[in-house]
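These notes concern the structure reproduced below.
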Amino acid sequence: MEKLITLENVSKHFHVGRKQTLVAVNNVNMDIYKGETLGVVGESGCGKSTLGRTVMGIYSPTSGKITYNGEEVKVKKTKDRYEYSKKAQIIFQDPYASLNPRMTVGSIIAEGMEIHNMYDKETRQKRVYELLETVGLNREHANRFPHEFSGGQRQRIGIARALAVEPEFIVCDEPISALDVSIQSQIINLLKNLQEEHGFTYMFIAHDLNIVKYISDRIAVMYLGNLVELADSDEIYEHTLHPYSQALLDAVPIPDPEKESLKERKLLSGDVPSPINPKPGCPFAGRCPKATEACRTTSPELKEVRPNHFVACHLY
Ligand code: SF4
């Protein structure tokens with residue numbers, strides 16, 4: 001498969017006080033392939049959204065390098081960010097907060113095309129109508145305002161806005177977690193169909209392993225800013241290696257109530273530790289049932305332990 005994006009030792013830190021550093025993303029290495037969906041999962045605060053925003057150019061990495069089609073992504077200058085934002089778009093978790101309430105839906109969708117000088121005014125208008133239809137809305141919706149729509153419809157508007165500049169890569173940052181369960185599968189199916197039609201590459205961020213399994217070709221598991229496991233979707237479910245991934249999977253309910261009641265759970269104890277000035281050693285050591293002394297002092301490196309299956313754990 002052809003690489004679209006490569007992350008080399010990418011870290012993102014935030015200074016949160018005197019001598020205090022919040023390590024949101026720590027030394028992440030991975031490739032994202034053209035046309036795939038890479039699911040990124042982990043509990044809240046694990047750095048998955050910061051990773052998505054860094055890959056998409058909203059943040060520049062504190063250290064490390066991101067390349068897109070072989071060229072280094074530089075987003076510190078407005079001009080560079082502007083160019084990259086035509087290739088890489090984002091769909092946010094909360095579709096209402098991300099849509100300007102004072103703009104009509106048509107203007108929201110057209111804005112990116114205007115910024116990138118795409119098409120003349122008449123063609124842009126036509127594209128707005130086409131995009132509304134593509135996402136399951138209709139042209140009459142162009143003159144309305146975001147508050148007139150349901151959550152699911154607002155997410156469809158967010159998707160139309162992302163598609164308007166004809167990107168190649170889209171970060172879907174928990175795009176369904178704010179929606180009713182009944183609407184979630186509609187949005188997932190819409191994203192899947194759009195990918196089949198246009199060949200988009202997705203980074204799909206979620207905390208729900210069920211949804212990630214359904215949509216992803218590969219899955220990356222993050223814990224406290226670190227990539228702890230990465231493999232093909234089927235492989236990671238059949239041969240879960242990292243103790244944290246095993247705990248996440250144990251938390252997913254089985255649809256069959258009989259099997260569910262017999263299931264032995266190894267639930268996580270304790271809370272996710274603070275990402276401020278993290279301790280040395282494995283980030284999961286404080287909660288891991290298999291931790292040894294070495295885990296508290298030495299960070300495990302991410303290594304390939306089965307074909308295309310990478311894990312960061314001293315057990316392997
Ligand atoms: Fe657990 Fe040690 Fe593996 Fe970390 S390195 S996940 S603490 S066994």
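Just so you know, ligand 1 is whichever comes first in the structure, and atom 1 is the first atom listed for that ligand.
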(request) Considering the heavy atoms of P243, write down every atom of ligand 1 situated less than 4.0 Å from one of them. (result) 6 (S)
(message) Could you tell me, atom by atom, which parts of ligand 1 come under 4.0 Å of a heavy atom of L315?
(response) 8 (S)
(message) With a cut-off of 2.8 Å, does C295 put an N/O/S atom close enough to atom 2 (Fe) of ligand 1?
(response) yes
(message) Looking at T50, is its backbone amide N or carbonyl O close enough to the side chain of T54 to form a donor-acceptor pair, meaning the two atoms are under 3.5 Å apart?
(response) yes
(request) Starting from atom 1 (Fe) of ligand 1, find the nearest protein heavy-atom neighbour and note its residue, name and distance. (result) C288 SG, 2.3 Å
(message) Pairing donors with acceptors under 3.5 angstrom, does anything connect the side chains of T104 and N143?
(response) no
(request) Number the atoms of ligand 1 from 1 as they appear, then name those within less than 4.0 Å of a heavy atom of A291, with their elements. (result) 7 (S)
(request) Name the closest protein heavy atom to atom 5 (S) of ligand 1, giving the residue it belongs to and the distance to 0.1 Å. (result) H314 N, 3.3 Å
(message) Using 30° and 60° as the class boundaries, would you call the ring planes of H242 and F284 parallel, tilted or perpendicular?
(response) tilted
(message) Check whether E196 reaches the backbone of N193 with its side chain - one donor and one acceptor, N or O, closer than 3.5 Å.
(response) no
(message) Closer than 4.0 Å to some heavy atom of H242 - which atoms of ligand 1 meet that?
(response) 6 (S)
(message) Starting from atom 4 (Fe) of ligand 1, what is the nearest protein heavy atom, named by residue and atom, and what distance separates them?
(response) C282 SG, 2.3 Å
(message) Any N/O/S atom, side chain or main chain, of C313 closer to atom 4 (Fe) of ligand 1 than 2.8 Å?
(response) no
(message) Grouping I, L, V, M, F, W and Y whenever their side-chain heavy atoms are under 4.5 Å apart, do Y202 and M30 come out in a common cluster?
(response) no
(message) Within the structure provided, determine whether F169 and K87 are in side-chain contact (heavy-atom separation under 4.5 Å).
(response) no
(message) Can you tell me which residue among V28, I66, N27, N29 is in a side chain to side chain contact (heavy atoms under 4.5 Å, CB included) with E8?
(response) N29
